[in-house]
Every structure is written in C-alpha cells, then in structure tokens.
2 protein chains.
Amino acid sequence: MRGNLVATGSQAEQSSGVNPMPRRLLMKELTARGVRMTAQRRLLVTIIQDARRHLDAAALLEMARKRDAAIDRATVYRTIALLKEHGLIDELDLMHMEGEKHYYEAKTTRDHCHLACFQCGAIMEYTSASLERLKAEMCAQSGFQIRVVRLEVGGVCKVCQKSAN
Amino acid sequence: MRGNLVATGSQAEQSSGVNPMPRRLLMKELTARGVRMTAQRRLLVTIIQDARRHLDAAALLEMARKRDAAIDRATVYRTIALLKEHGLIDELDLMHMEGEKHYYEAKTTRDHCHLACFQCGAIMEYTSASLERLKAEMCAQSGFQIRVVRLEVGGVCKVCQKSAN
DNA sequence: ATATGTGCAAATCTTTTGCAAATTC
DNA sequence: GAATTTGCAAAAGATTTGCACATAT
C-alpha cells in the first residue's frame, strides 16, 4: 500500500514535494452556487487557494491587506465561515503547536492527513488509498453520510528522530 | 473489514453501545511517571476517566466542584495540560458544533475515530483494524514516529438521513 | 525545608456580533 | 431600491498567567 507524501513548514520546504493533492477551483464553485462574489471575497479566495502554506485567519488578513489595506478582520472571518458552509475549505488545528488558532486550506478532491512534527514544526501531507478505504468502511458500517474528514497526526518526523532530541 | 461502533450524545444514548474502547488506568500511569498526585488531580483524573460523555473544561470544572467547591478553573486547565503532556488524554474538537471549546477523553489503548452528526449532535466512536493499518502505513512511509492520532468526521447520521432534513 | 500546586483576578488570544455606511444586483 | 456585504468597535468565549498563599514530600 503506497501513499503520497508532500511536505511544508519549517524545514519541510527542503523535502521533495511529490504529487501534490489535486486542487479545486473555488471561485468557479462559488459562482456556480450563486454566491455573490465581491472584490474582497475574490481576493481572499484567491489567497487561500494559491497559498503554499496553511494560513490562519491572522495570516490571511495580513496577506489580504497587502492588496487591499481596507479589508477587515471581520470580513476574513465571515468569508471563512462562508467557505466552510459550502464545504470548500477545510479547517485544521495542526496539533495547536502555536496557540489555539485554526488553519485553513482549499479542500482538495481527495482527503488527506496532516502529520505535524512536535519538534521542528514541519507539516507533511499524506494521502493514500487506505484512507479512502477507511472512509468507505466507516460509511458502510455507521450509516453516516460523511461530509468532512479531519485526520491529524502529531509525532516526531524522521529528521528530528535522527538528530536524537 | 468490520469495525466497532459506540454511540454517545443527544440521541445516541439510545443506540446500543457495543464494545467500548479498551480503557487505561490514568492514576497508575501518572504515579508510575513520578507525577505528584494531589487530591484535586486525583479528582479530575477520576472524572475524566469515568466520564460517559466527552467533557469540555467547563463541564469538567462543574463536575469537580460537586465534590470540591474550592477547585478552580485554572487548576482544571493546568491538569488538562499535564495529562496532555503525558499523552494520557486526547483532545477533541467534535467538529466544533458548539463553540470553539475542546473536549477531553482518557486515551484508550486503541485509537478511534469520532463521527459527529451535524444535525442531531450525536457522537459515535469507531475503531477498526483499517485505522491501525493506515497508521502503520503512514509511519512506514513518512518515517514519522506517531504520538497522537486525531480522526474526526462530520456528517449526517443514519437516523437524521431518514428523517430527511 | 524546599519544591510544587492552587486560588484569585486580570490578561491574552481568537473569534463573533450589532449597527450604520457602503456596495452589489 | 432592496438585499447583502463591510468596517468599526465592542463583546464574547476559551484559555493562560503572575503572584501570594497553601500543600506535599
């Protein structure tokens, strides 16, 4: 059983990013659902979709302000809520390694797991057929109609294990 | 592939609780690690361990106060932090269906998933060999040394699907 | 006796909300 | 022009912290 690994974060930038998760076009999905697209929403959606790292609300606000200094925190939170309602972004904790904030990412077409290293803070993403199988099994057995899957793992990455701390 | 289901929450109390997850003896593990056990810690640990539902900090405080009116919120949070550091409890979001608080449960000897129904609020627990397999696979492929696994699923439960809302 | 734990009150951090003004269709 | 979105400032909710006092070993 082979899965795919993608790395981001602290030292992870260095790791080879094989097979990134297949992305979606948020803007198109929103308009298709009849959501009114204002300039600010477009901006925020673009930032989330193109982000190379996982953004929290504050980071998203900061990035958005570079293009529109007038944008407010409230708008960021309201847009996040909107995207969540439509199931277009996923909310992550990443093991809350730095405070209780949440991180967001455009929902990919395939669910994936986030592995967070407690030592160096690197985040790796992991997809595999096994996860899909597990989902199918849970559905079948519980009768649940799954809408969101959040699988987060905390531990020590390969590199940090070697540097034996 | 068969997994085990256990239900709790709103309407879940009614569901048959088959095969609860195997529990651990927190107190013993703590003393074994040389953690100083005060009366209040003993009280809190007992409550968490014997809880039938997932407790948030406020609920834990409230329950503890029934036995020791003097116990403070800060102590609750400090004890939670202690237990988390020692890997003896798991922290859950349960899809944040009512605010941003966290829920806690004594770590079981086998990792399990929480399925939360967005409609009725029921929480079901799910263990299966597939989850163990997925963990093993992730370890093997990423080289991660896994310390915590948090798998939470949001959706609509069987009952709510039928009541067609 | 010394280190550790606790209560209290205030602080911090993240997220939400009411309302008047601005924007979109 | 009516409905929706936004900024602002204030509120709310969860969790953390400094410090003086209490408790455990």
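Throughout, protein chains are lettered first and strands after them, A, B, ... in sequence-line order, and every chain is numbered starting at 1.
Judged as a side chain to side chain contact (heavy atoms under 4.5 Å, CB included), and not counting sequence neighbours, the contacts of Tyr77(A) are Ala57(A), Arg73(A).
Between the P atom of dG5(C) and the CG atom of Leu30(B) lies a distance of 12 Å, rounded to the nearest Å. At whole-Å resolution of the value, CG in Leu61(B) and P in dG13(D) are 16 Å apart. Residue Glu85(B) contributes atom CD, which lies 14 Å from atom C1' of dT16(D) at whole-angstrom precision. Rounded to whole Å, atom P of dT5(D) lies 14 Å from atom CD1 of Ile71(A). A straight line from CG of Leu82(B) to C1' of dT6(C) spans 14 Å, rounded to a whole angstrom.
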Report each atom pair, protein N/O against N/O of nucleotides 22-25 of chain D, whose distance is under 3.5 angstrom.
none

Could you go over nucleotides 13-18 of chain C and give all protein N or O partners under 3.5 Å, atom names and distances?
{"from": "dT15(C)", "atom 1": "OP1", "to": "His102(A)", "atom 2": "N", "distance (Å)": "3.3"}
{"from": "dT15(C)", "atom 1": "OP1", "to": "His102(A)", "atom 2": "ND1", "distance (Å)": "3.1"}
{"from": "dT15(C)", "atom 1": "OP2", "to": "Tyr77(A)", "atom 2": "OH", "distance (Å)": "2.6"}

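Cluster partners of Val156(B) are absent, since no Ile, Leu, Val, Met, Phe, Trp or Tyr has side-chain heavy atoms less than 4.5 Å from it. Residue Leu26(A) belongs to a hydrophobic cluster whose other members are Met27(A), Leu30(A), Val35(A), Met37(A), Leu43(A), Leu44(A), Val45(A), Ile47(A), Ile48(A), Leu55(A), Leu60(A), Leu61(A), Met63(A), Ile71(A), Val76(A), Ile80(A), Leu82(A), Leu83(A), Leu88(A), Ile89(A), Tyr104(A), with links defined by side-chain heavy atoms closer than 4.5 Å.
Distances shorter than 4.0 Å separate some side-chain N or O of Gln40(B) from OP1 or OP2 on dG7(C).
The salt bridge (Lys or Arg N to Asp or Glu O under 4.0 Å) analysis of residues 87-107 of chain A, with sequence neighbours excluded, yields the pairs Asp56(A)-Lys101(A), Lys84(A)-Glu91(A), Asp90(A)-Lys107(A), Glu91(A)-Arg150(A), Asp93(A)-Arg150(A), Asp93(A)-Arg150(B), Glu98(A)-Lys101(A).
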Using the side-chain contact (heavy atoms from CB on, under 4.5 Å) rule, take Tyr126(A) and Val153(A) through it: C-alpha gap first, then chi angles, then the decisive distance, then the call. CA-CA 10 Å; Tyr126(A) 184 89; Val153(A) 171; over 6 Å; no

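The aromatic rings of His102(A) and His96(A) sit tilted, their planes meeting at an angle between 30° and 60°.
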